[in-house]
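Naming convention: chains lettered A, B, ... in sequence-line order (proteins, then strands); numbering from 1 in each chain.
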Amino acid sequence: MAKGESLGEFEYLVLLAVLRLNDDAYGMRVRREIAERTQRDVTIGAVYATLERLTAKGLISSEMSDPTPERGGRAKRSFHLTGVGIRAVNRSRKELESMLEGLAFPLPRGSR
Amino acid sequence: MKPPMLARMLLLAVAGEGESEFVAGDLHEEFIYLCATRGRPAGSRWYAWQVVRSVVTLLALRMRSGEALHVVSGLSVAVPLLLLDRLWCFVHSQIPLKDGLSRAPGFLAVNLVCVCICAALCGSAARSFQRAILIAAATAVSATFALWAASGYTSAAYVWLMLLLVPASSLLVFTWRKFV
């Protein structure tokens, strides 16, 4: 695997959120999904910066929808995983599982 | 119900053309949701805080998408010109009776070539004609500023050459890349 193809932690979270939300994956829903599930205080700027980076890597694609009144008359940009993105998620999961294998959680306090 | 005006203005100022539409839409949607569930003050606070915390990332996004290329172009012309001016000042100060007199034409020619190369590189990064025009204008403005801030005496011919050649080289390289 070439350098730059591996996923960062937040990139992985964003990809999983896009995957979970399916057709409803747009910036604010992705932000809320990550915030609710991980209890992290995530900003919309960080989410869009990551979505942009994942788009540049070819892991997700986006499309614009029509403006709606509940969005103040603004359009929505929805995201979907591409085939490359799905392969990247599968690979990251495999790597993570391989690293976690044999470890007992939660780790005891003070262990090194 | 509208989000706080100052935060909206800040968002429009920092987000690029592409991002401002859907980022503002997303924030507006969440603002309405928060106003309905937690009240308007909480919604406004949340909106403003999101915008403030996203300023750096949205600006970085704008830079990466090439929208702030005119700012980079301006800096990449003004900074080398000012640094070269400082360098020639130092060189002149080492020559007795030369300090404060008009600059040697050779030095000015080096300035001109360096700045034209910088402007041409910036012009080559433009993707549309409008962006190329914007970059050329930014290079001309920053060259004017750098010439004004330069400490040494410069002839009118040098100033005119600089103001003509810098934007021209930026536009020429853009045209060359587009049509060749």
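Heavy-atom distances place the backbone of Val42(A), and not its side chain, under 4.5 Å from chain B. Proximity to chain A (any heavy atom under 4.5 Å) is restricted, for Tyr33(B), to the side chain, taken from C-beta onward.
Here the straight-line distance linking atom CG of Leu7(A) with atom OG of Ser92(A) works out to 4.0 Å at 0.5 Å rounding. Met1(B) CE to Cys35(B) SG: the interatomic distance, rounded to the nearest 0.5 Å, is 5.0 Å.
Taking Ser54(B), Ala60(B), Gly25(B) one by one and counting their heavy-atom pairs under 4.5 Å with chain A, the maximum is reached by Gly25(B). Counting heavy-atom pairs closer than 4.5 Å to chain B, the top residue among Met64(A), Glu52(A), Arg31(A), Lys76(A) is Arg31(A). Taking chain A as the reference chain and counting heavy-atom pairs below 4.5 Å, the highest number among Val55(B), Leu58(B), Leu27(B) is found for Leu27(B). Each of Val56(B), Val23(B), Asp26(B), Thr57(B) has some count of heavy-atom pairs under 4.5 Å with chain A, and the biggest count is that of Asp26(B). Contacts with chain B were tallied for Thr68(A), Asp41(A), Val47(A); Asp41(A) has the most, counting heavy-atom pairs under 4.5 Å.
By the 30° and 60° cut-offs, the orientation of the rings of Phe107(B) relative to Trp88(B) is parallel.
Other residues, nucleotides and ligands contribute more than 12 heavy atoms inside 6.0 Å of the CZ atom of Arg40(B).
By the 4.0 Å N-to-carboxylate-O rule, Arg74(A) lies too far from Glu21(B) to be salt-bridged with it.
The side chain to side chain contact (heavy atoms under 4.5 Å, CB included) test with Arg91(A) is passed by exactly one of Glu95(A), Lys94(A), Arg93(A): Glu95(A).
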